[in-house]
Amino acid sequence: MFRRLASRLTRRFGGSSGDGGDRRYRASVPERIRPTKVGLWYIVSAVLVGVAATNTGNNALYIVLALMLGILVVTGTVSRVNLRRLECDLDAPEEIHAKQPFHLRLEVRNRGRWMPRWLLVFSVSDRAQPLLVPHLPRAGRSRGFMETMLPRRGRHRFRWVHVGSIFPVGFFHKGMRYETELEVLVYPELYPAAVASPVLTGARGEGASRKVGWGHDLHALRAFQQGDDPRGIHWKQSARTGELIYTEREVEEGQRLSIVFDNAVGELDDPGKRRRFERLVSEAATAAVDYLDRGYEVELSTRERHLPFRGGRQQRREILETLALVEPVPVTSEPLLRTSPGRGLELRLGLGRSEDAA
Amino acid sequence: MSFSREKRVLLGLMAWIAPIPLPFNELLAWPLLVLYLVVVTGFLHRASEGAETWLPNWAMNLLGLAYLPVLFLDFTRGGQLLRPVIHVALFGVAVKLFALRREKDKWQVLMGIFFLFLASMGTSVHPTMVLYLVAFLALGTTVLTRFSVFSVLGRFGYGDPEAVRIPLRSYLVVATACSILVAIPLFAVLPRLGTPYIMTRGTGTRTEIGASGFTDVVTLDSIGSIRNNPRVVLRVRFQDGEDPRHELRIKGATFEAYRNRAWRQSPRAETLRRKPGGRFELAPAPAARTARFWLRPLTGAKLPVPVNASEIEIKVTELQRDRGGALSLSRPSMELMEYDVGLADRRYVSSVPQEPKAFEEESPALDTGSVTPRMAELADEVMGELPPREAAQALERYLAAEFEYSTELLGKGGDEPLENFLFRTRRGHCEYFASSMVLLLRSRGIPARLVTGFLGGERNRIEDYFVVRQSNAHAWVEAHLPESGWALFDPTPPEGRPQVREQSFALLFTQAWDYVVFRWDRYVLTYGLYDQMQIFRRAMRTWRAWWSRIQGPEEVESPAPETTEIEEEISKSDRTVRDALDWQSWITWLSVLLSLGALLAGTWMAWRFRRSFDATRAYERLRSRLDRAGLSVKESTAPLALQSEAEERFPEIADPSRKIVDSYLVESFGESPLAQDEVQKVRESLQTVNRRLKGLRKVG
């Protein structure tokens with residue numbers, strides 16, 4: 001079952017919430033401070049002024065030095081406060097596929113009563129586009145989106161939201177990370193078009209609804225009537241018979257695709273083998289999504305789970321969830337069969353077949 | 001207003017303010033400052049108008065070349081280092097402002113402005129520098145903050161600050177105030193290893209020396225020329241609150257030889273050492289009361305003390321005394337000197353107990369080389385055959401009554417200034433009166449010398465001390481009388497003598513300001529190691545008292561061994577000096593240790609948090625390298641977009657940059673980290689990119 005847990009944590013350093021130091025410790029963690037080029041120049045200048053002041057004993061230079069250090073202390077404190085007492089809510093879209101960019105929604109609140117926050121740059125990882133919040137008023141809130149991409153299917157947890165800033169004077173880049181508990185289920189990567197082709201199985205008429213529709217298969221030929229779509233005219237037959245013949249096609253709703261995914265492939269200790277397995281998963285997901293979008297009913301059979309023929313969004317979600325979590329199981333001699341035989345398309349995917357195809 | 005426009009305006013404002021104190025400190029001529037300000041104002045006008053065309057680099061370089069001869073002349077003509085350097089800095093800032101193109105130009109201008117600010121601060125001694133400092137601090141904080149805002153907004157693709165309104169005014173006000181508040185204790189605790197040094201006003205112009213009349217050689221107009229100078233020389237506080245009206249005759253220097261219309265100082269006679277009790281004994285008379293002096297730094301080494309001083313306590317190891325009894329330090333002090341002087345009950349105490357027999361014909365105090373026949377005739381006429389004391393008094397009365405005090409004739413004495421004074425103009429200032437009396441006394445065989453110093457002062461009732469200004473400079477006479485030794489005579493008419501001036505409403509403002517100046521001098525400009533020690537001692541005493549209160553009454557301190565009063569005085573005085581030396585070395589070692597510790601900690605942190613080289617790092621470096629090479633690399637530029645832009649702009653680096661970008665994508669989105677040999681290939685690709693971009697720059 002797909003679950004997404006979005007939570008928000010309140011950071012209250014030194015606050016009186018009384019909910020234990022451990023949680024507060026985990027809530028926000030300062031990250032490495034990096035001096036910028038400007039900061040390094042400033043420090044070098046302060047050292048030079050300090051040397052000059054000490055060497056000459058000129059108190060006017062001591063005043064300058066004290067002010068330079070004072071600026072360093074004040075701006076350091078401001079930059080520290082600037083990253084604290086924030087509240088971050090992270091939210092993900094309904095459907096996330098591996099290697100496909102998506103937007104995370106971030107809502108950030110300033111819990112500070114005295115000081116606004118400036119120039120906050122949020123990110124969830126190095127791979128995500130950062131989000132800039134230029135100004136966050138006292139007790140104010142801001143929303144934005146961060147584009148990111150996840151490389152693998154399966155469960156992924158966003159443990160931290162990183163926030164960094166060079167505010168106020170750009171001497172140091174300070175960072176802080178806020179703990180989140182957003183867990184997303186990443187569906188398999190989808191290819192632009194189905195790679196594997198299903199085969200037709202079973203006898204015509206078995207279990208299929210033969211209704212006129214807008215599918216691909218031929219239903220009947222008849223005389224053209226007023227109101228028919230001219231694109232449906234069978235020109236060859238019309239030429240042969242001398243009157244307009246109209247092509248009726250079968251509706252595809254009634255058609256079915258059975259995806260049989262054999263995950264009994266044993267240990268995948270070889271990276272190449274692992275890559276091939278992942279490719280098969282993606283092929284299955286691509287086919288399922290493709291055919292469901294075309295109105296097919298799709299069933300999925302793996303070694304652990306069977307999803308009977310159904311169409312619609314619910315089926316799509318369940319198939320993608322199953323494929324997102326499917327893992328190799330030990331090899332067995334028992335064949336994996338579809339549970340509801342009948343006419344329809346069948347796509348058999350297994351490591352042996354894939355190798356053959358390759 | 002675009003970013004570059006606002007940056008220019010902010011830089012222009014800083015450049016406008018930075019050099020303003022320099023002419024006040026006599027380090028820059030006013031016309032030069034005006035010229036500079038006109039240029040910067042022009043720049044500000046153009047910048048605020050949003051002008052598009054600015055000085056090209058070749059024009060800037062041409063101007064720099066054109067300035068070289070001026071610089072050469074500046075160095076060779078003035079003979080000083082600081083002024084030509086300041087001129088160069090002003091020129092550089094003014095020209096560079098008009099040629100701001102790249103980001104680093106902005107920082108170069110800021111460095112130039114900071115240098116001007118340092119020069120202004122380092123040579124300022126007036127309390128009004130606080131206003132300048134606060135203004136510069138506020139503007140500097142604004143500039144740095146705005147620049148960092150622009151930098152971040154620019155990286156995220158914003159081009160106009162108006163598009164993102166970021167209210168910063170409250171922050172800037174609070175940050176400036178807090179910086180000052182934090183700086184005050186920092187100023188107090190920053191380690192002082194030497195004595196405070198003050199760049200006096202007009203360093204190199206010798207204004208202070210001439211004004212005080214304490215040079216080795218002084219002309220007759222040296223004191224008269226400063227009678228309108230209100231600059232404070234010293235402050236005196238009498239500790240028992242008695243009326244000090246008669247005490248404020250302060251001897252600065254004595255002069256014996258008069259040659260070629262100028263007086264020469266008495267030579268040094270002896271070196272004074274501390275006596276038991278820690279003080280320097282000046283005269284055998286007992287001290288009836290004490291006065292504390294705060295002497296502002298003079299460029300000379302003279303130490304003015306009252307004429308009735310019998311002892312002095314000062315934080316030096318030795319003092320020099322000349323033959324006329326004037327004191328001087330071993331070397332000029334550049335700090336506010338604070339010293340206590342013991343005063344005898346009498347109005348005058350001779351600090352040089354010379355016997356009459358010591359005077360022989362060749363004694364400088366009897367030198368009559370400059371006495372003309374007419375002067376000798378006048379001396380005979382006024383003093384007749386009177387005994388020395390009466391003769392001197394008669395001459396004193398004669399000069400005071402028959403001659404007029406005036407400073408109108410300054411510099412108009414001619415070749416024979418004293419002849420002119422005595423026989424033609426009969427008008428002059430105190431130096432003419434005193435010099436004439438000295439020569440006339442000598443013509444009668446009475447040893448005499450000229451004394452310069454200060455007379456009178458201005459009572460400041462706010463804190464009950466006396467302010468002695470340059471305008472209190474005065475000259476008088478010391479004559480040696482056979483029966484009583486050296487005696488003091490002042491032939492200047494009373495209306496020409498500086499006097500103690502009482503508080504008046506009109507002076508209230510001036511004196512309130514002087515109170516501020518006094519505090520500034522004492523606790524800011526001359527704050528030093530001794531003050532730090534006192535603060536530390538006070539803190540330690542407070543801590544001990546607090547600690548003993550916590551400890552309770554159980555502890556009984558063992559009684560200290562008894563010492564005599566003299567021993568205690570000596571040990572107290574010596575302890576001050578010893579402690580200073582101890583603390584000085586202690587602070588030095590502490591500073592060295594702290595520096596070493598900081599160095600080690602920095603090295604350890606750099607090692608601890610070092611980041612191993614990988615494709616991500618190579619990609620980051622590629623981005624920054626391309627950014628430096630002129631490609632617009634924004635935070636939002638995606639890897640493949642970066643790659644295509646790089647290929648388009650620099651086809652020479654297409655292959656290696658593609659390798660880096662591909663490896664980065666594999667490392668970031670692949671399933672396993674790169675192998676070691678792959679990382680090595682990425683490293684080589686990065687080196688290739690760097691090499692080729694450098695080659696391109698050289699070709700360009």
Side-chain angles (χ1 to χ4, degrees), chain A residues 32 34 36-38 41-42 45 49-50 52-75 77-78 98-99 101 115-116 118-119 121 125-127 129-132 134-135 137 147 149-152 165-171 271 274-275 278, chain B residues 107 111 114 117-118 121-125 129 133 137 140-141 144-145 147-149 151-153 155-156 158 164-168 171 175 178-184 186-187 190-199 334-335 524-528 591 609 616 635-636 638 668-672:
Chain A
R32 185 179 159 195
R34 280 188 288 116
T36 60
K37 206 179 281 181
V38 181
W41 274 106
Y42 187 84
S45 306
V49 172
T54 315
N55 197 31
T56 61
N58 186 342
N59 272 336
L61 292 181
Y62 272 106
I63 293 172
V64 175
L65 177 64
L67 268 177
M68 290 181 85
L69 296 177
I71 289 172
L72 213 55
V73 170
V74 170
T75 55
T77 310
V78 169
K99 299 183 187 175
M115 203 181 91
W118 294 274
L119 299 183
V121 178
S125 75
D126 292 343
R127 298 164 195 158
Q129 290 283 0
L131 169 70
L132 172 69
H135 179 241
E147 190 183 279
M149 187 157 63
L150 294 170
R152 291 179 196 171
S165 181
I166 61 166
F167 190 82
V169 284
F171 291 160
R274 177 87 214 180
R275 267 200 298 274
E278 290 299 328
Chain B
W107 295 110
M111 290 302 281
F114 183 66
F117 164 71
L118 271 188
M121 279 297 297
T123 53
S124 295
V125 291
M129 72 194 257
L133 191 65
L137 173 70
T141 312
L144 287 171
T145 309
F147 279 13
S148 68
V149 169
S151 154
V152 174
L153 292 182
R155 273 191 287 144
F156 278 85
Y158 294 95
V164 185
R165 290 181 179 276
I166 301 180
L168 285 168
Y171 155 74
C178 289
S179 299
I180 293 169
L181 288 177
V182 173
I184 291 169
L186 278 174
F187 173 77
L190 281 171
R192 263 64 168 190
L193 302 181
T195 48
Y197 168 77
I198 297 167
M199 297 277 284
M334 287 299 169
E335 62 175 324
V524 179
L525 288 186
T526 60
Y527 178 83
S591 305
F609 294 107
T616 306
E635 197 85 20
S636 53
S668 299
F669 305 117
E671 290 150 0
S672 56

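Below, chains carry the letters A, B, ... as their sequence lines are ordered, and counting in each starts from 1.
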To the nearest 0.5 Å, what is the distance between CG (B/Leu153) and CG (A/Leu132)? 6.5 Å
Between A/Thr77 and chain B, with a heavy-atom cut-off of 4.5 Å, which part of the residue counts as in contact: side chain, backbone, both or neither? neither
Closest heavy-atom contact between A/Pro134 and B/Ile166? CB-CD1, 3.8 Å
Only counting residues at least two apart or in another chain, list the ones meeting ring-ring contact (aromatic ring centres under 6.0 Å, His included) with B/Phe147. B/Trp107
Can you name the nearest heavy-atom pair linking A/Ala60 to B/Met121, along with the distance? CB-O, 3.1 Å
Reference residue B/Leu144; test side chain to side chain contact (heavy atoms under 4.5 Å, CB included); the match among A/Thr75, A/Ile71, A/Val169: A/Val169
Chain B contact via A/Ser45 - side chain, backbone, both or neither, heavy atoms under 4.5 Å: side chain
Ranked by heavy-atom pairs below 4.5 Å to chain A, first place among B/Pro167, B/Ser151, B/Gly140, B/Ala175 goes to B/Pro167
Nearest 0.5 Å, please: how far is CG in B/Leu190 from CG in A/Leu61? 11.5 Å
Using only atom types and a distance under 3.5 Å, with no angle test, would you say the side chain of B/Ser148 pairs donor to acceptor with the backbone of A/Phe167? no
Separation of A/Asn59 CG from B/Arg192 CZ (nearest 0.5 Å): 4.5 Å
CD1 on B/Ile180 to CD1 on A/Ile63, rounded to 0.5 Å: 11.5 Å
Would you call the rings of B/Phe187 and A/Tyr62 parallel, tilted or perpendicular, taking 30° and 60° as the class edges? perpendicular
Heavy-atom proximity to chain B below 4.5 Å, by part of A/Val74: side chain
Do you know which of B/Tyr171, B/Phe114, B/Phe117 has the most heavy-atom pairs with chain A at a distance under 4.5 angstrom? B/Tyr171
Who wins among A/Gly70, A/Pro168, A/Ala53 for the most heavy-atom pairs under 4.5 Å with chain B? A/Pro168
Interchain contact, B/Thr145 with chain A, by part (heavy-atom threshold 4.5 Å): both
Side chain / backbone / both / neither for A/Met68 at chain B, heavy atoms under 4.5 Å: side chain
So which part of A/Leu69 gets closer than 4.5 Å to some heavy atom of chain B, the side chain, the backbone, both or neither? both
Side chains of A/Trp118 and B/Val149, heavy atoms from C-beta outward: is any pair under 4.5 Å? no
